[in-house]
Engineer: 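Right, I'll just put the structure down here and ask away after.
In the text below, chain A, chain B and the rest are named by the order of the sequence lines, each starting its count at 1. Please read all numbers here as calculations on a predicted model, not as lab measurements.
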Protein chains: 2
Amino acid sequence: MSASPPRKRRKEARPSELTSAALALFVEKGFAATRLEDIASRAGVSKGTLYLYFESKEALFKAVIQEGILPVVAENEAIAAGHAGSSFELLEKLLAHWWSRIGQNDFSGIPKLMVAEARNFPEVARFYFENVIRRVKALVGKTLEHGMASGEFRDLNITTTTDVIIAPILMLLIWRHSMACCQNDEVDAPLYLQTHMALLRQGLCRTQV
Amino acid sequence: MSASPPRKRRKEARPSELTSAALALFVEKGFAATRLEDIASRAGVSKGTLYLYFESKEALFKAVIQEGILPVVAENEAIAAGHAGSSFELLEKLLAHWWSRIGQNDFSGIPKLMVAEARNFPEVARFYFENVIRRVKALVGKTLEHGMASGEFRDLNITTTTDVIIAPILMLLIWRHSMACCQNDEVDAPLYLQTHMALLRQGLCRTQV
DNA sequence: ATTGTTAATGACTATTCGGTCATTAAACTT
DNA sequence: AAGTTTAATGACCGAATAGTCATTAACAAT
């Protein structure tokens, strides 16, 4: 009885609508537990349509991971290249930009997704590692080196300190897409990041501010 | 032709052997992508045997999560209760104990597993939150309060600082079970933890050591 | 040895879901 | 208006797997 809704032909918009729907469901349920029909229906198309744009479920997963974060990494590299003030100020700038571009939208789910599926998709994990993680670490590491050279920071082990600085930021994103549902009062992200940076200021800097 | 190996009847040992096998595979592949037959075969039994001890795959998951970490939380509570020295020394003791009991064995995979599956098993996530996370946070939070009261630490927002302190430790465990396979040279865990604590000493304490 | 109890097995079932393809219809061409 | 192209559909297929159960055999009791 019910007339089926009219088909629309929108070849350009479909891929990003599909990856966006897939990201949301992969982050919520994980790769294996997400059904292609649910992705398609969330994107407003049928399962067959999905296969017009992606070869397989795994190809869709790769597209999801490769889509969102790369531009933001490049933007942060540009910020670092054009920075004038102190090294700690640069760390603050990089974090602020990361948060505004990743922390507050759907891409914030990617770290959880990548962590959960890295061992099932080593090839995609490698891509993410080389093109996101390595570059972000290099950026923070260079900033630490610069701050050490100028006497702003104490003597630090660069690579390890970099890891320790990044960890709470990643953990915040992961938390918000996993255990956060158990808390009644969710984490206050701005306060969390501000606390992290305050600890770092005292922890990294040679002279107290 | 090949004689099947003799069956052994070991009712006592089976459950823990099954949860141990399940933990390893759940951490590696995720819950949905792990096959019950693989768990059974890793535990040296058939799939039917698994159902003698666990009602369903989900019941097995619950058992895996509830098994390992609880005793360690209790041990750390005892350590805190009997502690004499400075508050920072207590933080170091708690971390050292956590690392020796969790960080270096199979249970180190539980945070990754729990984070990946929390939204698929909200009931289990709630159990973990109430019985592990909340108690560990309370322990760290009390230590911070004590250190603030005695003048050892600066003025701190307790709950948020607690989150920021715990995050790098969790992230280390998660990393080792996910993206670590992409690195050629793996993270030096003792150095990482030592760096974290060194940053914290400077970041938390009022007087420099 | 014989018998009873129950731990262990693995063939089997029912269902789910990734992937295919013949058909339909939207939009464009002439 | 008729014809052409191709985006979109959804019924269908085959493989994979969670869960069952009749059968087997290890061990204990006698």
Engineer: Which class fits the ring pair A:W175 and B:F129: parallel under 30°, tilted 30 to 60°, perpendicular over 60°?
Structural biologist: tilted
Engineer: Classify the ring geometry of B:F26 against B:F31: parallel below 30°, tilted from 30° to 60°, perpendicular beyond 60°.
Structural biologist: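 Judged by the thresholds at 30° and 60°, the geometry between B:F26 and B:F31 is tilted.
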Engineer: Would you say the side chain of B:R9 and the base of C:dT6 hold a donor-acceptor pair, judged only by whether the two atoms sit under 3.5 Å apart?
Structural biologist: yes
Engineer: Closest nucleotide of DNA chain D for A:E37 versus for A:S46: which of these residues is on the 5' side?
Structural biologist: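 Residue closer to the 5' terminus by nearest nucleotide: A:S46.
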Engineer: Any idea which heavy atoms bring A:R154 and A:Q202 closest together, and the distance?
Structural biologist: NH2-O, 3.0 Å
Engineer: Between D:dA18 atom C1' and B:R35 atom CZ, what is the distance in whole Å?
Structural biologist: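 These atoms are roughly 12 Å apart.
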Engineer: Please give, in whole Å, the distance from C:dT5 C1' to B:L52 CG?
Structural biologist: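 Spelled out: CG on B:L52 to C1' on C:dT5 is 14 Å.
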Engineer: Please tell me which of A:R7 and A:F31 maps to the more 5' nucleotide of DNA chain C, matching each residue to the nucleotide holding its nearest heavy atom.
Structural biologist: A:F31
Engineer: Taking NZ from B:K29 and C1' from D:dA16, how many angstroms apart are they, rounded to a whole number?
Structural biologist: 14 Å
Engineer: Hey, does B:T34 reach any base, or is it just sugar-phosphate, or nothing, if we go heavy atoms under 4.0 Å?
Structural biologist: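 Sugar-phosphate contact only.
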Engineer: Checking only heavy atoms, does the side chain of A:K47 share a donor-acceptor pair with the base of C:dG19 at less than 3.5 Å?
Structural biologist: yes
Engineer: To the side chain of B:L36, which of C:dT9, D:dA18, D:dA8 is closest?
Structural biologist: D:dA18
Engineer: Rounded to the nearest Å, what distance is computed from the NZ atom of residue B:K57 to the P atom of nucleotide D:dT17?
Structural biologist: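 After rounding, the reported distance stands at 9 Å.
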Engineer: Rounding to an integer number of Å, can you tell me how far B:K11 NZ sits from C:dT6 P?
Structural biologist: 8 Å
Engineer: If you define the side chain from C-beta out and look only at heavy atoms, does anything of A:M114 sit under 4.5 Å from B:M179?
Structural biologist: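 Answer yes - side chains close enough.
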Engineer: Please give, in whole Å, the distance from D:dA7 P to A:L18 CG?
Structural biologist: 14 Å
Engineer: Examine the base of C:dA7 for any acceptor or donor lying under 3.5 Å from a partner atom in the side chain of B:K8, and report the outcome as yes or no.
Structural biologist: no
Engineer: Rounded to the Å, how far apart are A:L50 CG and C:dC21 P?
Structural biologist: 17 Å
Engineer: How about B:L200 and B:H196: do any of their side-chain heavy atoms sit closer than 4.5 Å?
Structural biologist: yes
Engineer: Rounded to the Å, how far apart are A:F61 CZ and C:dG18 C1'?
Structural biologist: 17 Å
Engineer: Taking the nucleotide of DNA chain D with the closest heavy atom to each, which residue, B:Y51 or A:Y53, is nearer the 5' end?
Structural biologist: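 Looking at the nearest nucleotide for each, A:Y53 comes out on the 5' side.
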